[in-house]
Undergrad: 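Can you read through this structure? Questions will come right after.
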Amino acid sequence: MSISTVITFNIMDCLDPPVTEDGHPYMPTENLVKSLFLSFVLGAFVFITAIKIQRQNLQK
């Protein structure tokens with residue numbers, strides 16, 4: 001989960017850089033919160049998908 005958080009944070013930082021209108025950088029807390037949320041959702045999705053695949057393999 002931490003790796004996906006870092007990856008999504010870097011993607012968010014490239015797509016929406018934390019820079020004011022006059023060019024000053026600031027702390028990207030919005031991007032950090034978005035990346036934490038997306039990595040949590042991605043982790044839940046991967047977990048549910050893995051459980052479904054394992055249940056299908058056990059039934060075979």
Undergrad: Without swapping roles, check the side chain of Asn31 against the backbone of Asp16 for a donor-acceptor pair under 3.5 Å.
TA: yes
Undergrad: What's the spacing between Ser39 OG and Ile7 CD1 if we round to 0.5 Å?
TA: 10.5 Å
Undergrad: Counting only pairs under 3.5 Å, give me each side-chain donor-acceptor contact of residues 41-55, with atom names and distances, residues two or more places apart or in other chains.
TA:
residue, atom, partner, partner atom, Å
Thr49, OG1, Phe45, O, 2.8

Undergrad: For Pro17 and Cys14, which heavy atoms make the closest approach, and how far apart are they?
TA: CD-O, 4.0 Å
Undergrad: Mind listing the closest non-hydrogen atom pair of Tyr26 and Val19 along with its distance?
TA: CE2-N, 3.4 Å
Undergrad: Would you compute the distance between atom CG of Asp13 and atom NZ of Lys34 and round it to the nearest 0.5 angstrom?
TA: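 Result: 11.0 Å between the selected atoms.
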Undergrad: Measure across Ser35 and Thr5 and return the closest heavy-atom pair with its distance rounded to 0.1 Å.
TA: CB-O, 3.8 Å
Undergrad: Measure across Pro28 and Phe9 and return the closest heavy-atom pair with its distance rounded to 0.1 Å.
TA: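 Where Pro28 meets Phe9 most closely, the heavy atoms are CG-CZ, 3.8 Å.
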Undergrad: Can any side-chain N or O of Asn10 pair as donor or acceptor with the backbone N or O of Val6 at less than 3.5 Å?
TA: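 It does hold such a pair.
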